Number of protein chains: 2
Amino acid sequence: MTRYQNLASILSQRIEQGLYPIGVRLPSIRVLSKEHGVSITTVQQAYRELEDQQLVEARAKSGYFVARRKMRPGLPDCCNTTQCSLTIPQWDRVLDMVNPVQPGETAFRFAAPDITASSLKPLTRSLSHLSQRQYLRTFDDEDIRGSFELREQIARLMIDSGSRMDAGNILITDGCREALSIAIRCVCAPGDVVAVEKPCFHAGLQLLHGLGMNMLEIPTDPVTGISVEALELALEQWPVKAILVTPTGNNPLGYNMPIERRKALLRLAQEHDVAIIEDDAYGELSYPYPRPATITSMDFTGNVLLCSSFSKTLAPGLRVGWIAPGSYMNRAIHMKYVSTGPTASLPQLAIVDFITQGHYLKHVRRMRSQYQHNRDLITRWVTDYFPCGTRISRPQGGFLLWVELDHRIDTQRLNRALSEQNISIAIGAVFSAAGKYDSCLRINFARQPTTELKNAVRQIGVAIHQLLEEK
Amino acid sequence: MTRYQNLASILSQRIEQGLYPIGVRLPSIRVLSKEHGVSITTVQQAYRELEDQQLVEARAKSGYFVARRKMRPGLPDCCNTTQCSLTIPQWDRVLDMVNPVQPGETAFRFAAPDITASSLKPLTRSLSHLSQRQYLRTFDDEDIRGSFELREQIARLMIDSGSRMDAGNILITDGCREALSIAIRCVCAPGDVVAVEKPCFHAGLQLLHGLGMNMLEIPTDPVTGISVEALELALEQWPVKAILVTPTGNNPLGYNMPIERRKALLRLAQEHDVAIIEDDAYGELSYPYPRPATITSMDFTGNVLLCSSFSKTLAPGLRVGWIAPGSYMNRAIHMKYVSTGPTASLPQLAIVDFITQGHYLKHVRRMRSQYQHNRDLITRWVTDYFPCGTRISRPQGGFLLWVELDHRIDTQRLNRALSEQNISIAIGAVFSAAGKYDSCLRINFARQPTTELKNAVRQIGVAIHQLLEEK
Ligand SMILES: Cc1ncc(COP(=O)(O)O)c(C=O)c1O
Ligand SMILES: Cc1ncc(COP(=O)(O)O)c(C=O)c1O
């Protein structure tokens, strides 16, 4: 094959495959010449060949387009092999819920922070600056433990939570989820029993399912957190290996577990030699300041593993988190090495910039007060627009409100009704493996309040009233 | 506590903890005021308080410094709990080998591409541009499957490997390692047997160890790849669940497995209903052009899973890879969701830019020819400087040379000798779980050749001669 025939055949394959659909403009001669490293003349010859085959048509001054013609019969559908099925409780519903946001959607369903705050702007400058000026560092692999500077800064930030660590106690991960996944695998093997809060955030439950763990759901109070008493009974009856808790700015309930109960939980875990995995993703978004000390900071045994990330304090798209794995650092590094390798360099370096220039604490302080203020507003709106008898949480941190409706309401039906108005909520059912909470929902209140948001909350209220009337 | 006392206490904690070491300049008043959201006066008061405590000292016109003084006795070392040990074959050696590069080191030990190529420059521009102009998109979570545009572009690129896929068949991952880790967990459970090439790249072996798999090492020819005959015998004797192979630009041997042997391997796997995991990380760096078709492209059953990334073709620090998991897409998505969540947004969008503007294929073509040219040079250098009887691979893709020395040489000793000259190689021992290849080494030849590199290869030769004379 000559060069132009070769190029023509590649292009015709792409057209047949539908990568360039009918009517679409094809890449310019210049772009193709660069892409394939052939001369302008070669590309022109290739396009002429395709014209002869009636696959493309030239239009004066606008270039080449995929010709409108009767499609040739499709190719055998070789890649669409039958899919193996997957049966994990609630997964289909979770998958629905984490679908990308739709155009025009008012999305209350995500656990996403407000990323439009102007105090985040310096981070975009750092990203931009580093990707140009230090591109060799950003293209290179980082240390498998993560950037030393970043770990040092995180150790410094953790002082506020009562912890005295240094860079050597911390491992950077691809978000809090990788931290949790590593933590679970540090202390458990598939088939082990893990105690969780009930309700528990859905990614946590899915994670335990995915790693083959058995879950024990422990009653959890909307103000004081996981019931230490119920847990004690459970530990006597079950071979529990780990307890997964989110004691600060809990998702979905929003509570800050009181210090005394944290201590009691730690004591219990130590007595039974059970590991605690402490999810601190919302820790710095606690409204009370200074924030409550982490359980990790009270531990001397090394059997408490702290997991966190910048997903809630800065932005989820950065995918930078960390684990302080106590006495499991060796295992944690090995798991990090084999699960994903080092975490991407650029966001790590940009976050170091952002922290050391003093923007981080300022931003977090600002978001804390925004979220606290929004909490008051959303509480008022829900009180005003939702039916009497509705119960709601009293968040002490973060940006999530838990709502319990009349038990006759199924929030999955509610969500379907709301979808006509392009509004979405998180349904309660996915927050328990045992399939409770059908009448509950979770609302995100991170964004700056607007009339549009207020109206959307009102519309949710109207939809609930309507569902009640249908009964 | 007043505001300034509060700030003073935070700063004194940081000093005591050693985060601000003795003699170091402390953050400026302006930075602290921003960081803690307090007035300039408050910071000044706090610094004065610390001066009184003789913790800091002011120096005219340069700010505050951590005072030189007798340190107070340290705090109880509560975070340095005893570490749980980890016994995984070769792990300590691998960890040594993947340590960050030392200042002044001539590092032949990594499997890293040349990231200094000017044809990569447009990627830095895209990263910089997107992080400023589309920062809301880059701060937001991507689709759990990865950017649709990126998956579409990958499908397009994969046409050259004989595959006809669309975006729906592809899942973006945090590098090839996450793809491999997902692939293994799609088709195997802990305790299962996986057949691997011998030698096999060390991250692959570590990954299988980390996931609790048992490995069966199959003899592998430096020109034609894994022995299909030996594999056939193995499949009759062992309950093998998956075969992990890198048929194109193999790491460490560099071969391209001939098409006929790929077909034979596929046939064998299909007969025994065993999954193939095809690592194609070096696929586009095959010197012969067009590149060999992947085994994945020949499969109709959905039981071949392709794993790849942009780590070898673009830059490892981006951490963007993908998996085409055949019939296991449902499982793969769930594992992605629970292992790390979505892959970071910014690098995905920047790569889309880079591909659609025609830079990608141009860059890859250029690197292919650079690597092929370097292969010829390194072959000459090793021939000239290493002892007679040295055996070397004939890479057909990628940038790695495998060298077999006189069996009396232990390349771990060689590496220690070389460390005095700040030169490092990859030792052979880590490429086999059974602990063979003590006299082998792997050399990276990605970079543009320089006299310095040539001299370093010569120094390796000299060190080998010396070790031989000691015998
Ligand atoms: C309690 C909790 N932990 C962890 C995560 C996941 O964090 P990341 O996005 O950093 O993986 C979330 C996000 O929903 C969360 O709510
Ligand atoms: C064959 C092979 N597969 C996978 C990887 C890992 O790739 P990534 O850096 O994208 O995780 C490497 C890197 O050493 C490799 O050589």
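Computed from a predicted structure; not experimentally measured. All chains are named by letter (A, B, ...) in the order of the sequence lines, taking the proteins before the strands, and each is independently numbered beginning at 1. Below, each value reflects all heavy atoms present in this structure, side chains not excepted, and no hydrogens, waters or symmetry copies.
Of the listed residues B:Ser33, B:Pro316, B:Gly175, B:Ser181, the one with more heavy-atom pairs under 4.5 angstrom with chain A than any other is B:Pro316. Across B:Ile88, B:Asn6, B:Leu180, B:Thr356, the residue that shares the most heavy-atom pairs under 4.5 angstrom with chain A is B:Ile88. Comparing B:Ile144, B:Leu207, B:Val364 by heavy-atom pairs within less than 4.5 Å of chain A, the highest count is held by B:Leu207. Your options are B:Lys121, B:Arg366, B:Gln153, and the one with the most heavy-atom pairs under 4.5 Å with chain A is B:Lys121. In terms of non-hydrogen atom pairs under 4.5 Å with chain A, the most contact-rich of B:Cys84, B:Pro347, B:Ala315, B:Ser345 is B:Cys84.
Residues A:Glu35 and B:Lys362 form no side-chain contact, since every pair of their non-hydrogen atoms from C-beta on lies 4.5 Å or further apart. Side-chain contact between A:Tyr337 and B:His202: present, with at least one pair of heavy atoms (C-beta onward) separated by less than 4.5 Å. Using a 4.5 Å heavy-atom cutoff, the side chains of B:Ile115 and A:Asp140 are in contact. For the pair A:Leu211 and B:Arg185, the minimum side-chain heavy-atom distance is below 4.5 Å. Proximity of B:Ser339 to A:Ser339: side-chain heavy atoms (C-beta onward) are nowhere separated by under 4.5 Å.
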Requested in this report: Could you give me the CA-CA distance, side-chain angles and deciding distance for A:Leu127 and B:Leu346, then say whether side chain to side chain contact (heavy atoms under 4.5 Å, CB included) is met?
Outcome: CA-CA 10 Å; A:Leu127 284 164; B:Leu346 175 59; 4.3 Å; yes
Query raised in the report: Passes side chain to side chain contact (heavy atoms under 4.5 Å, CB included), B:Trp91 versus A:Val338? Steps please.
Result: CA-CA 11 Å; B:Trp91 170 236; A:Val338 304; 5.9 Å; no
Query raised in the report: Are A:Arg319 and B:Asp141 close enough, and set up right, to give a side chain to side chain contact (heavy atoms under 4.5 Å, CB included), and what steps lead you there?
Result: CA-CA 9 Å; A:Arg319 309 309 305 137; B:Asp141 260 352; 4.0 Å; yes
Requested in this report: Show the numbers, then the answer: is there a side chain to side chain contact (heavy atoms under 4.5 Å, CB included) between B:Leu123 and A:Tyr135?
Outcome: CA-CA 9 Å; B:Leu123 185 56; A:Tyr135 78 94; over 6 Å; no
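A:Met329 touches chain B through backbone and side chain together, each having a heavy atom under 4.5 Å away. Proximity to chain A (any heavy atom under 4.5 Å) is shown, for B:Glu142, by neither the backbone nor the side chain. Of the two parts of B:Thr343, only the backbone, made up of N, CA, C and O, holds a non-hydrogen atom closer than 4.5 Å to a non-hydrogen atom of chain A. Contacts between A:Ala112 and chain B at a heavy-atom distance below 4.5 Å are absent for every atom of the residue. For A:Val94, the part lying under 4.5 angstrom from a heavy atom of chain B is the side chain only. Looking at A:Arg365, the atoms closer than 4.5 Å to chain B (heavy atoms on both sides) all sit in the side chain, from C-beta outward. With a 4.5 Å cut-off on non-hydrogen atoms, A:His36 touches chain B through its backbone and its side chain both. Of the two parts of B:Leu32, neither the backbone nor the side chain holds a non-hydrogen atom closer than 4.5 Å to a non-hydrogen atom of chain A. For A:Thr340, the parts sitting under 4.5 Å from any heavy atom of chain B are the backbone and the side chain alike. Contact of A:Pro342 with chain B is made through backbone and side chain together, with heavy-atom distances under 4.5 Å. If you measure heavy-atom distances from A:Ile333 to chain B, the contacts under 4.5 Å come from both the backbone and the side chain.
Scored by the salt bridge (charged side-chain N to carboxylate O under 4.0 Å, His left out) test, A:Arg145 finds A:Asp143 as partners (sequence neighbours excluded).
A salt bridge between A:Arg177 and B:Glu178 is absent, with no side-chain N of the basic residue lying under 4.0 Å from a carboxylate O of the acidic one.
Residues A:Gln132 and B:Thr124 approach most closely at OE1-OG1, 3.8 Å, considering heavy atoms. Shortest non-hydrogen contact noted between A:Gln206 and B:His334 is OE1-NE2, 2.7 Å.
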